[in-house]
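Here the structure comes first, spelled out in structure tokens, and everything after it is commentary.
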Amino acid sequence: MGWKFTNTAFNDLFAGLTEDYIILAPKRFVNRGRFSDTDLIRYDEVKKSDDIIWKEKSTFSPKEAVFPVTQTLFYFTEEAFREPQPEEKQYLVFLRPCDINGIRRPDTINLKNGPEPDSYYANLRKRVRFVMIECTESFDNCFCVSMKSNITSDYDMAVRLTDDKVLLEIKNDDFLRYIRSDIPKIEFRPEFVLENKIKVNVPEVDEMPAGVYEHEMWNEYKSRCIACGRCNTTCVTCTCHTTNDIFYDDNSLAGERRRTWASCHVDGFTDMAGGISFRKDNGSRMRFKVLHKIYDYRKRFGEHMCVGCGRCDDNCPEYISYSGCINTLNKVIRETVS
Amino acid sequence: MTLDVNTKAVVKNAYRITKHRGKTALRIRIPGGYLKAKHFDLLKEIAEVYGDGIVHLTTRQGFEISGIDYSSIPKVNSLINPLLQDLEIDIGVIIKDTSNGYPSAGTRNIAACIGNRVCPFANYNTTALAQRIEKEIYPNDYHVKVALTGCPNDCIKSRMNDFGIVGMVEPQYDYQRCIGCEACVKNCKSNVTGALSLHKGKVKRDARRCIGCGECILKCPTAAWTRNPVKFYDILIMGRTGKKNPRIAEEFIQWADEDVVIKVIKNTYRFIDEHIDKTLPKEHIGYIVDRTGYQVFRDKALEDIKLNPEARIAKNIQWGGFRYSSDVFMSDKLQ
Ligand code: HEM
Ligand code: SF4
Ligand code: SF4
Ligand code: SF4
Ligand code: SF4
Ligand code: SF4
């Protein structure tokens with residue numbers, strides 16, 4: 001079922017929604033971009049539709065909504081520990097099809113990878129609802145079609161924005177009560193991007209030829225990649241994190257256990273007891289990431305990890321193209337196999 | 001016909017008395033070093049038709065066109081009208097008669113690095129500020145040199161100027177967004193002042209050591225560091241070259257806002273009015289401050305200014321530099 005809103009009426013809808021939900025969407029932080037006089041666009045709370053950035057891709061992904069950068073798991077003293085009070089807030093996240101498919105990866109890793117679901121993740125995730133932003137024209141660097149993540153039906157509502165009106169599809173009846181009776185009903189089904197400028201040939205292999213790990217194609221990244229970690233921090237599907245016990249400065253007998261995002265490109269990621277670490281050169285970090293995104297995750301879970309949102313390519317300061325790297329890898333594998 | 005030239009008027013008009021008798025050279029003023037490429041046609045025409053075909057690139061980002069006959073000055077002045085219009089009038093400079101060339105040459109061209117129109121390190125738009133300052137201080141006969149630089153890399157070498165205006169940014173930290181990757185910490189330590197340290201997986205910033213370069217913001221992969229949208233400036237004063245005591249400019253006010261920058265520079269002209277040695281043909285601002293002392297300058301420069309709360313003022317400044325001879329600071333006779 002669909003509804004047609006004027007821009008004003010759509011902003012009014014937010015007034016109702018914000019009574020029950022914290023709405024998270026791409027938002028502009030004026031003059032907070034990396035470079036002076038540029039803006040930062042990332043997910044944050046919005047109060048009205050006008051605060052949402054509809055026409056630009058956010059630098060950081062909506063993963064932050066379900067997987068905070070820093071999360072306290074529990075507090076401890078000498079004799080007891082306690083988890084933070086369970087939150088009751090409900091969240092409504094505005095996001096695009098690739099990102100909806102993308103969040104299925106953190107879901108899989110945190111809820112289905114092993115006998116126990118991650119209860120911290122599960123507790124937040126169950127309070128998150130999706131509003132899909134219709135995407136009919138892709139941005140630079142998007143390759144969702146190649147990754148088969150351009151289409152989804154996993155949303156509660158979907159929205160199309162035109163210059164003078166907003167069309168809304170509601171799939172979850174819980175949201176019907178927010179629609180004013182004077183809003184006209186229409187037929188509306190969102191459309192999806194069916195072609196991107198960037199096309200990626202993902203190698204279709206069940207077993208990676210052993211030679212690929214040692215192949216010289218990774219060598220160029222030894223010097224090109226500066227191990228900054230942006231390709232991980234902006235990625236909607238990276239879920240690695242570090243867990244630390246923090247002992248408070250004022251009383252070192254009390255503290256908290258917290259987890260924080262980690263990045264497989266950044267120094268220290270593979271550090272282990274005994275001072276051992278692996279993948280010291282940045283070329284092997286690139287190899288690890290690429291094969292994780294398009295090979296070994298799929299081997300375990302049946303779909304690629306990467307959804308082709310293109311944020312890694314948008315943000316690499318060294319202009320390293322991850323999508324280009326997959327295409328190279330595909331060629332190398334075909335040569336190796338044949 | 002024998003030449004009868006008023007050299008004072010010629011010099012004020014931005015022409016030079018050259019070593020070649022009968023020939024002068026014109027200095028074109030380009031505030032902020034920002035020049036639309038279309039003007040090259042005009043510079044070429046003047047140099048080839050009225051000069052010796054050569055255009056010298058000056059150290060203050062202007063052009064000097066040499067080999068011009070003194071008699072061609074009125075013609076050349078009328079030709080440069082579009083330059084005056086575009087580079088001065090259109091940015092708000094008031095020049096009463098634009099057909100007679102430059103109205104003064106004492107206050108030198110405001111030089112600037114390329115700034116945030118292009119450079120990733122820059123903390124402000126140096127072109128825009130150069131134009132704003134030009135509007136406030138030009139035309140003026142007092143000899144003052146101002147240079148603007150986007151960040152403490154100081155590519156324009158603003159420390160060799162009477163005023164060096166260095167872009168500063170206050171990095172603001174979002175504790176929750178930091179992943180403790182240490183990119184900012186390592187970089188500040190190796191390339192800047194080591195104002196950052198890692199503490200229990202998060203970062204601490206020593207505000208007294210931070211020089212506001214903004215490199216931590218550039219390095220951060222999570223936007224845990226972002227820019228305070230308010231722009232700040234480090235005002236460096238009284239650097240110079242010259243035959244007595246070349247020296248680099250020193251910090252006068254750190255974390256000044258833009259209005260403070262403008263007002264301090266304007267007040268400096270009042271200071272010159274009060275203290276310049278009028279018996280001399282000209283006196284450079286740095287030497288006036290040498291005579292009066294820093295505190296007298298400071299009090300005048302800050303007169304009627306409400307400083308922004310972040311600003312920090314130098315209690316005292318001891319310029320160093322090189323002295324060709326300590327004798328230059330002595331009076332001729334014991335009195
Ligand atoms: C040279 C000696 C050691 C090596 C090579 C080693 C290697 C490893 C490796 C590869 C991991 C998995 C890391 C990951 O998943 O990212 C790990 C995890 C771990 N190690 Fe070690 N380890 C060593 C010694 C120790 C010692 C002495 C202890 C404790 C007394 C220890 C406690 C742990 C714990 C608690 C984990 C985390 C398990 C988890 O996350 O589920 N390790 N170690
Ligand atoms: S690897 Fe790159 S393209 Fe793929 S999901 Fe992550 S950021 Fe997007
Ligand atoms: S963003 Fe680019 S330079 Fe940074 S870690 Fe990733 S591949 Fe390397
Ligand atoms: S001074 Fe700073 S802003 Fe200006 S060009 Fe140099 S690095 Fe860039
Ligand atoms: S602004 Fe510069 S000096 Fe200050 S903390 Fe950041 S890198 Fe260090
Ligand atoms: S660069 Fe950013 S994420 Fe890394 S330690 Fe510094 S503030 Fe934290």
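All heavy atoms count here, side chains included; hydrogens, waters and symmetry mates do not. The sequence lines fix the lettering, A, B, ..., with proteins before strands; numbering per chain opens at 1.
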Contacting moiety of [X], where chain B heavy atoms sit under 4.5 Å:
X: A/N244; answer: neither
X: A/F60; answer: side chain
X: A/T260; answer: side chain
X: A/Q71; answer: neither

Interatomic spacing from SG in A/C235 to CZ in A/R311 - rounded to 0.5 Å |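 It comes to 8.5 Å.
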Decide, yes or no, whether a salt bridge links A/R287 with A/D281 under the criterion of side-chain N to carboxylate O below 4.0 Å.
->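 Looking at A/R287 and A/D281, the cut-off is not met.
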Using a strict 4.0 Å threshold on nitrogen-to-oxygen distance, state whether A/D267 and B/K186 make a salt bridge.
->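 Answer for the salt bridge query: yes.
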Test salt bridge (charged side-chain N to carboxylate O under 4.0 Å, His left out) on A/R224 and A/E318 and set out the steps.
-> CA-CA 7 Å; A/R224 283 185 67 195; A/E318 299 300 313; over 6 Å; no
Would A/F247 and A/F76 count as a close aromatic pair, with their ring centres under 6.0 Å?
->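 That pair passes the under 6.0 Å test.
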Does the gap between the ring centers of A/F67 and A/H241 come in under 6.0 Å?
->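 Yes; A/H241 has its ring centre under 6.0 Å from that of A/F67.
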Which atoms of [X] are under 4.5 Å from chain A, going by heavy atoms: the side chain, the backbone, both sets, or neither?
X: B/K231; result: side chain
X: B/N187; result: neither
X: B/Y175; result: both

Based on non-hydrogen pairs under 4.5 Å, which of B/H199, B/K200, B/Q172 is most in contact with chain A?
->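 That would be B/K200.
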Top contributor to chain A contacts, counting heavy-atom pairs under 4.5 Å, from B/C181, B/G167, B/P120, B/A183 |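 Option with the top pair count is B/P120.
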